[in-house]
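What follows is one structure encoded as structure tokens, with my remarks underneath.
Basis for what follows: all heavy atoms, side chains included, without hydrogens, waters or symmetry-related copies. This structure is a prediction, so every number in the text was calculated from the model and none was measured. Throughout, protein chains are lettered first and strands after them, A, B, ... in sequence-line order, and every chain is numbered starting at 1.
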Amino acid sequence: MYNFEKIEKKWRKYWEENKTFKTDIWDFSKPKFYALDMFPYPSGVGLHAGHPEGYTATDIVSRMKRMQGYNVLHPMGYDSFGLPAEQYAVKTGNNPNGFTDANIETFTEQLKSIGFDYDWSRVIKTSDPKFYKWTQWIFKQLYLDGYAKYIDMPVNWCEELGTVLSNDEVIDGKSERGGFPVVRRNMKQWVIDQVAFAERLLAGLDEVDWPESTKEMQRNWIGKSIGAHVVFKVKDTDKEFKVFTTRCDTLFGATYCVMAPEHELVDMITTDDKKDEVEAYKKLCATKSDLERTELNKEKTGVFIGAYAINPVNNKEIPIYISDYVLASYGTGAIMAVPAHDERDYEFAKKFDIPIIQVLAKNIIGSGDSAIREDRPITEREVVNAIIKHPTEDKYLCVHNKKFNWINFVMGGIEGDESPTDAAIREVKEETGYTDIIIDKELEFLYFDNFYQAQKEVNRHITCHTVVGKLNSLERIEISEEEQAIADVEWIDSNELLKVLSTEAHRYDALRALNDEGAYTEDGTHINSGFLDGLNEEEAIDTMISWLEENNCGSRQVNYRMREWIFARQRYWGEPMPIVYLEDGSIHILDDNELPLVLPELKDYKGHGGKAPLENAVDWKKYDHKGIKGVREVSTMPGSAGSSWYFLRYIDPDNEEEFANQELLKHWMPVDLYIGGPEHAVGHLMYSRIWNNYLYDKGLSPVKEPFKKLVHQGMILGSNGIKMGKRYPEFAVNPLDIVKNYGADTLRLYEMFMGPLEASKPWNQQGVEGAQKFLDRVYRLYESGKIKEESNKNLEKIYHQTVKKVTDDFESLGFNTAISQMMIFINAVYKEDVFPLEYAEGFVKLLNPVAPHITEELWEMLGHNETIAFASWPTYDEAKIIEDTKEIAVQVNGKVRATITISIDEDEDSIKNKALKAENVLKHTEGKEIVKVIVIKGKIVNIVVK
RNA sequence: GCCUGAGUGGCGGAAUUGGUAGACGCACAGGACUUAAAAUCCUGCGAGAUUCAACCCUCGUGCCGGUUCAAGUCCGGCCUUAGGCACCA
């Protein structure tokens, strides 16, 4: 066993003493490569098994790039503002600084022990005033440009934590940290108007090489929806209100409106007789936490406020309700409700017995033999389908047409002024003879069926009604001979219906009759809609928007789900805001030379009664500077402030004049490879894009998108296949134990060999031993004396293949397959007596990014006295990879029957001949007719026989 | 409910544009070395049928169907699972 302890210690010392990985940031002579890891929060428990995974991945790429001649920037730092340090301060009364620094020291030591190639001279921490000076400075610019605002707005308030939370810190109505209930409350808040960036954020996603899932999450989070504003006048008042809708085409079906209980108009238009009821409902909603609201949203609640709105399109008076299913914070806080075509409105209308008007009808179009024929006339018809249940069994009445072998429900035309129900009863009697019929209901939504009826040579345009009922008894009369000749009665089991019914129309009916019908939310043809009749959804939306605009009662409108970013927390351990409130109530922002505004030391770090801890800093709070007097803002910035721009600061961490030198930024941005956990898919990665986008607009960042390529490492699970954590501590793995017992190189190799970087995968202790065994096997090979300055033709091809595969796979982050190829190579070398020096050196370089310590040692054993870190990356010769002969498979009817060896330039006829003559092929072709021989050059031969 | 992914041996996982499924590793089994064990080296290892044995044969990438000379890979319909969103009008 090679002595990993001694070797690893030796080389870490060497790198540190020789400053091997210090980046010469001003050296623009080489191409640059910026590899970035998501910096950790320095918690007290130190690194966990997941950290080294992503960090090793960037480490491998940066080491390879360095050897390929790039100037590499691979920095590390600490996101050191955060809740645990605050809680520690509250508990002990000590400043979080000391606690944080101690943790950082542990982290640094642990990171160093794994042998990453970080430039430790550029470490930053977000809680360092030298760093947060510039966080404050950027915030100041946002304020001066009108993006940072102090406004009154409803916020997520968590009583337990005593602070406001952003939407992504609230999960299911509970705080992300601690799981405490969160309620909505109106408060004056510092916010950043991120909605102003929405379009640019969406467009930027098309430019970056990110996982599709992450892009999709960001798009959903931005939540762009295109629709229209429609203005409704309130009857008998001069008031009007706007609603936002994506379905203005259904306006003719709007049978009521709903406002959020908090809507400003509610109090003004509620009629006197409804005031008490409305007040009571508003109070109920206000005291409900978000949690209760989500839990209770199973059933719709609401109150009619007595007022009516005028539907602009037909001047109908429709009632106005308030309900908490309409959110004050989205759209205009009011909606038009179209119960026929919206699930939520449907549910509400059912409960409050509000009319439902169908304005869209499903339009079934025949295909194949029943496709509409242009050259035939169209006949219109109105029919009813009768879905009749058996009196005792779970079966439905169908008729089996003898001539066409169709099975359908009883169906027939509606005649004169007959109702669908009457027509159904009549048809059932006529066609089946059953007389004891009870019709329960007519389905709410009619539909159209369009098809070509071959036996009558006409196109049918049928309006279909559907009734559902049952037989009370099997009482039956004789049916006419004519009817008998056409069809037989058949009872079909309910779960067979969908398989057995012959037409799409009847299957659609069965589906609706057997389940609750609900709203019709698909596309269709407009009906009951005046000038929209006959149009489909898309056409109708355009037509309606034009109409609204012409008549001054609405307009096209884009809406976003994303809201303002609440940018203040009632906490101590965060960046103080550079804001002062003057006596006249106006806001004063600090001069640049007053930055950084440093956090004061406190005796008591707890905020009392929901107030910010900085309220306790009585002297600090008072502001008196150059004759300006006021009170400082006591909230601090959220945790995501510093991390929103830290990647820029790494480039120039000690600059005291600006957040980073512009020339350096121009050279080094964007980040070429960014690796971190998927949990930051929206939060941090969105905020960073917003800040960078803003700085780009100001000309302070050279690129629109800061992270060119992004990859999320998967989670490393416990050996039980479950997430490591407090729940199953016996399955958790501490990476430092692995470093101690097996070595850092083994840890790195193992974590990279476990599987694809992005997949989550369970830990396997025997796999760790396997990784160590491989390194030991390599080490023994280099000690064996096989390495000679000779050539060995047997290894030529596999060596060049290995160089190519490893280079390509490192580039595409396929570390597991790269390592697999290195194992294959070593296995091959073991079978040989001579390991040419050239290949031995090349292999050490390939392995170096994964296992840097042992390879430095091997490099030294090969006679080098300088680090391998800058040795030139091995190259391969494509010509040596191409094999002059190749074994390919011969299939007969798609099944492999033999393999033949062909030479690389062999012509097709010769290959064909060889294939046909192969022994086992002859067995399978004997006595059969050879239909076709397919030869795919260099790949496969397939012989088709009959 | 909606949006993304993912389902391959005992296990982690490989398989270019469709072209010999199971690379590599782990586990397991056998052998060599050893007084013995460990370590190391070599060999085997999807399931089944058959055979003294080898060849050979059948089945096999979540399920059902389709396209193709050829499907883990493409298409349609399901099932399971992970992550995200969730009264967003």
Side-chain angles (χ1 to χ4, degrees), chain A residues 1 171-172 211-221 223-225 227 243-248 250 258 293-294 296-298 300 323-327 329-338 342-345 347-348 559-563 678-679 681-682 712 714-715 719 721 749-750 753-756 758-771 773-774 776-777 780 808 814 816-827 830-831 887-899 919-920 923-924 931-945:
Chain A
M1 184 66 58
I171 293 165
D172 287 336
E212 201 43 53
S213 58
T214 304
K215 291 190 191 183
E216 204 49 37
M217 276 166 74
Q218 294 213 346
R219 287 192 193 103
N220 290 341
W221 190 76
K224 180 178 181 173
S225 72
V243 304
F244 175 73
T245 176
T246 54
R247 294 300 305 275
C248 64
T250 61
V258 189
R293 256 166 115 145
T294 20
L296 294 177
N297 78 29
K298 305 227 151 55
K300 296 271 178 292
S323 171
D324 64 358
Y325 88 88
V326 172
L327 308 174
S329 49
Y330 183 78
T332 62
I335 62 158
M336 64 179 215
V338 185
D342 181 282
E343 296 288 357
R344 296 149 298 169
D345 298 346
E347 200 185 316
F348 190 88
N559 206 35
Y560 301 96
R561 190 182 303 194
M562 172 199 227
R563 299 168 213 166
E679 65 274 18
V682 279
H712 300 300
M715 203 185 315
S719 48
L749 180 77
Y750 172 65
F753 187 58
M754 285 172 88
E758 297 181 58
S760 40
K761 44 222 168 230
W763 189 269
N764 177 355
Q765 194 59 30
Q766 280 161 331
V768 177
E769 285 159 25
K773 219 153 74 177
F774 173 67
D776 195 37
R777 200 165 140 87
R780 271 184 281 114
D808 292 351
N816 54 333
T817 47
I819 292 166
S820 152
Q821 182 64 38
M822 289 194 265
M823 289 171 168
I824 292 169
F825 178 71
I826 289 301
N827 288 346
Y830 257 79
K831 294 197 173 71
E887 195 174 79
I888 63 165
V890 182
Q891 300 181 326
V892 178
N893 283 350
K895 288 196 171 111
V896 179
R897 296 301 182 189
T899 55
E919 192 189 348
N920 198 40
K923 244 194 256 175
H924 286 89
V931 182
K932 212 193 302 186
V933 180
I934 293 148
V935 180
I936 308 293
K937 262 206 144 181
K939 287 199 170 152
I940 205 161
V941 178
N942 193 5
I943 301 161
V944 187
V945 298

Q: Measure from the side chain of A:Lys932, starting at C-beta and using heavy atoms only, and say which of B:G19, B:C69, B:A23 lies closest.
A: B:C69
Q: Write down the partner of B:A39 under the Watson-Crick or G-U wobble criteria, each distance required to be under 3.5 Å.
A: none
Q) Any sub-3.5 Å donor-acceptor pair from A:Lys761's side-chain atoms to A:Pro756's backbone N or O? A) yes
**Q.** Pair assignment for B:U4, Watson-Crick or G-U wobble, requiring both distances under 3.5 Å
**A.** B:A82
Q.
Tell me which nucleotide, if any, is Watson-Crick or G-U wobble paired with B:U34 when both distances must be under 3.5 Å.
A. none
(Q) Can you tell me if A:Asn942 touches the phosphate of B:G19, counting only side-chain N or O atoms and a distance under 4.0 Å to OP1 or OP2? (A) no
Q: With a 3.5 angstrom cut-off on both distances, give the Watson-Crick or G-U wobble partner of B:G76, or none if there isn't one.
A: B:C64
Q. Taking atom P of B:G25 as reference, at what distance in whole Å does atom CZ of A:Phe753 sit?
A. 7 Å
Q. Within this structure, what is the CZ-to-P distance between A:Arg219 and B:A86, rounded to whole angstrom?
A. 18 Å
(Q) Can you measure A:Ile934 atom CD1 to B:U68 atom P for me and round it to whole angstrom units? (A) 12 Å
Q.
Output the rounded distance in Å from CD (A:Glu919) to P (B:C55).
A. 13 Å
Q | Base-pairing mate for B:A71 - Watson-Crick or G-U, with both contacts under 3.5 Å | A | none
Q) Counting only N and O atoms by type, is there a donor-acceptor contact under 3.5 Å from the side chain of A:Asn893 to the main-chain atoms of A:Val945? A) yes
Q: Could you give the distance separating B:C33 and B:A38 at their P atoms, to the nearest angstrom?
A: 15 Å
Q: Tell me whether the OP1 or OP2 atom of B:G25 has a side-chain N or O from A:Asn764 closer than 4.0 Å.
A: no
**Q.** Whole-angstrom distance between B:U61 and B:G9, as gauged at atom P
**A.** 9 Å
Q: Tell me what A:Ser213 touches on the nucleic acid: a base, only sugar-phosphate, or nothing, going by heavy atoms under 4.0 Å.
A: sugar-phosphate
Q: Starting at atom CZ of A:Arg777, determine the distance to atom C1' of B:C24, rounded to an integer number of angstrom.
A: 12 Å
Q) Picking from B:G13, B:A89, B:U40, which would you name as closest to the side chain of A:Ser225? A) B:A89
(Q) Any heavy-atom pair between the side chains of A:Met336 and A:Thr250 that's under 4.5 Å? (A) yes
Q. Taking atom C1' in both B:A15 and B:C79, what distance in whole Å separates the two?
A. 26 Å
Q) Hey, what's the ring geometry for A:Phe348 with A:Tyr325, parallel, tilted or perpendicular (30° and 60° as the breaks)? A) tilted
Q: Please state the C1' separation for the pair B:U80 and B:U43 - nearest whole angstrom.
A: 39 Å
Q: Look at all strands and tell whether A:Gln821 reaches a base, only sugar-phosphate, or nothing, counting heavy atoms closer than 4.0 Å.
A: nothing
(Q) What contact category does A:Asn920 fall into here, base, sugar-phosphate, or nothing, at under 4.0 angstrom with non-hydrogen atoms? (A) sugar-phosphate
Q.
Any side-chain N or O of A:Lys895 below 4.0 angstrom from OP1/OP2 of B:C59?
A. yes
(Q) Please give the distance between the C1' atoms of B:C78 and B:G84 as a whole number of Å. (A) 23 Å
Q) Which pair of non-hydrogen atoms, one from A:Asp345 and one from A:Val338, has the smallest distance, and what is that distance? A) OD2-N, 2.9 Å
Q | 5′-ward residue of the pair A:Ile335/A:Arg897 relative to RNA chain B | A | A:Arg897
Q. Taking the side chain of A:Gln766 as its heavy atoms from C-beta onward, which of B:U58, B:A27, B:U43 lies nearest to it?
A. B:A27
Q. Whom does B:C11 pair with, Watson-Crick or G-U wobble, provided both distances fall under 3.5 Å?
A. B:G25
Q.
Does A:Met715 have more than 12 heavy atoms from other residues, nucleotides or ligands lying within 6.0 Å of its CE?
A. no
Q.
Both distances below 3.5 Å, Watson-Crick or wobble geometry, any strand: find the nucleotide opposite B:C45.
A. none
Q.
If I take atom NZ in residue A:Lys773 and atom P in nucleotide B:G25, what distance separates them, rounded to the nearest angstrom?
A. 10 Å
Q: May I ask which nucleotide in the shown strands pairs with B:U20, Watson-Crick or G-U wobble, both distances under 3.5 Å?
A: none
Q | Nearest-nucleotide pick for A:Pro762, side chain only, options being B:A27, B:C41, B:G12 | A | B:G12
Q.
Need one value for A:Asn827: base, sugar-phosphate or nothing, where a base atom within 4.0 Å counts as base even if backbone is also close, heavy atoms only.
A. sugar-phosphate
Q) Rounding to the closest angstrom, what is the interatomic distance between B:U40 and B:A49 at atom C1'? A) 39 Å
Q: Look at the side chain of A:Lys300 against the base of B:C87 and say whether a donor-acceptor pair falls under 3.5 Å; ignore hydrogens and angles.
A: yes
(Q) Please determine whether a side-chain nitrogen or oxygen atom of A:His712 lies at a distance below 4.0 Å from atom OP1 or OP2 of B:G5. (A) no
**Q.** B:A27 to B:C11 separation - C1' atoms, rounded to the nearest Å
**A.** 7 Å
**Q.** Euclidean distance, atom NZ of residue A:Lys761 to atom P of B:G12 [Å, nearest integer]
**A.** 13 Å
Q. Going by a 90° cut-off around 0, is B:G22 syn or anti?
A. anti
Q) Taking the P atom of each, how far is B:G12 from B:G1, in whole Å? A) 29 Å
Q) Among side-chain atoms of A:Asn220 and A:Arg561, is any donor-acceptor pair under 3.5 angstrom? A) no
**Q.** A:Asn816 CG - B:A15 C1' separation (whole Å)
**A.** 12 Å
Q: Would you mind telling me which residue lines up with the more 5' stretch of RNA chain B, A:Pro756 or A:Gln891, judged by nearest nucleotide?
A: A:Pro756
Q: Compare every heavy atom of A:Tyr830 with every heavy atom of A:Arg777, then report the nearest pair and how far apart it is.
A: O-OH, 2.9 Å
